[in-house]
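Just the heavy atoms: all of them, side chains too, but no hydrogens, waters or symmetry mates, feed the values below. This is a predicted model, so every value here is computed, not measured.
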Amino acid sequence: MKMKKINMTSIVLFIYLIVMSVIGWPGNKPDPDWVQYCLIIGLTSGVILLLRLVQIKRFKSREKLRNKRDSRQE
């Protein structure tokens with residue numbers, strides 16, 4: 001159930017990034033700064049992936065603690 005929530009969060013954030021990238025498209029400007037545009041998209045994607053990794057690590061550590069606690073109670 002938690003992995004499903006993590007996947008959904010990542011998908012929603014990437015969709016949001018795509019929408020914001022389309023809204024901020026610099027193509028109509030006389031001298032667009034493509035490097036900055038692509039850098040921001042790349043850094044944001046990296047942050048989303050980092051958040052995903054942190055969420056997965058946290059989920060796995062909680063599962064380990066829950067399993068240890070359950071094994072002690074039995």
Side-chain angles (χ1 to χ4, degrees):
M1 181 67 175
K2 283 285 190 179
M3 283 303 289
K4 195 175 203 180
K5 191 174 182 180
I6 292 170
N7 291 338
M8 206 55 162
T9 303
S10 299
I11 290 169
V12 168
L13 286 173
F14 273 115
I15 290 172
Y16 179 75
L17 174 62
I18 291 168
V19 169
M20 295 309 289
S21 299
V22 169
I23 290 172
W25 184 256
N28 297 336
K29 296 178 183 172
D31 188 23
D33 190 3
W34 292 105
V35 174
Q36 181 182 2
Y37 178 75
C38 293
L39 186 65
I40 290 172
I41 291 173
L43 288 174
T44 306
S45 297
V47 168
I48 293 171
L49 291 174
L50 184 64
L51 174 65
R52 179 178 169 77
L53 292 174
V54 168
Q55 286 178 322
I56 290 171
K57 185 175 180 178
R58 195 172 107 199
F59 171 70
K60 287 181 180 180
S61 67
R62 282 187 179 179
E63 285 296 313
K64 279 184 185 178
L65 288 174
R66 186 176 296 137
N67 290 339
K68 281 183 181 179
R69 187 179 59 215
D70 291 343
S71 66
R72 279 190 237 157
Q73 289 178 357
E74 293 176 358

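Distance check, rounded to the nearest 0.5 Å: CG of Leu43 to CD1 of Ile48 gives 11.5 Å. The distance from the CD1 atom of Ile56 to the CG atom of Leu51 is 10.0 Å, given to the nearest 0.5 Å. In this structure, CG in Leu50 is found 10.5 Å from CD in Gln55, a value given to the nearest 0.5 Å. The structure places CD1 of Ile15 at 11.0 Å from OG of Ser10, a figure rounded to the nearest 0.5 Å. Between atom CG of residue Asn67 and atom CZ of residue Arg62 there is a gap of 14.0 Å, rounded to the nearest 0.5 Å. Interatomic distance, Asp70 CG to Leu65 CG, rounded to the nearest 0.5 Å: 11.0 Å.
Between Arg66 and Arg69, the closest side-chain pair of non-hydrogen atoms falls below 4.5 Å.
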Subject >> Candidate pair Lys64 and Lys60, rule side chain to side chain contact (heavy atoms under 4.5 Å, CB included), full reasoning >> reply: CA-CA 6 Å; Lys64 279 184 185 178; Lys60 287 181 180 180; 5.8 Å; no
Listing, residues 20-35 side-chain donor-acceptor contacts under 3.5 Å, not counting sequence neighbours, or none:
{"residue": "Ser21", "atom": "OG", "partner": "Leu17", "partner atom": "O", "Å": "2.7"}

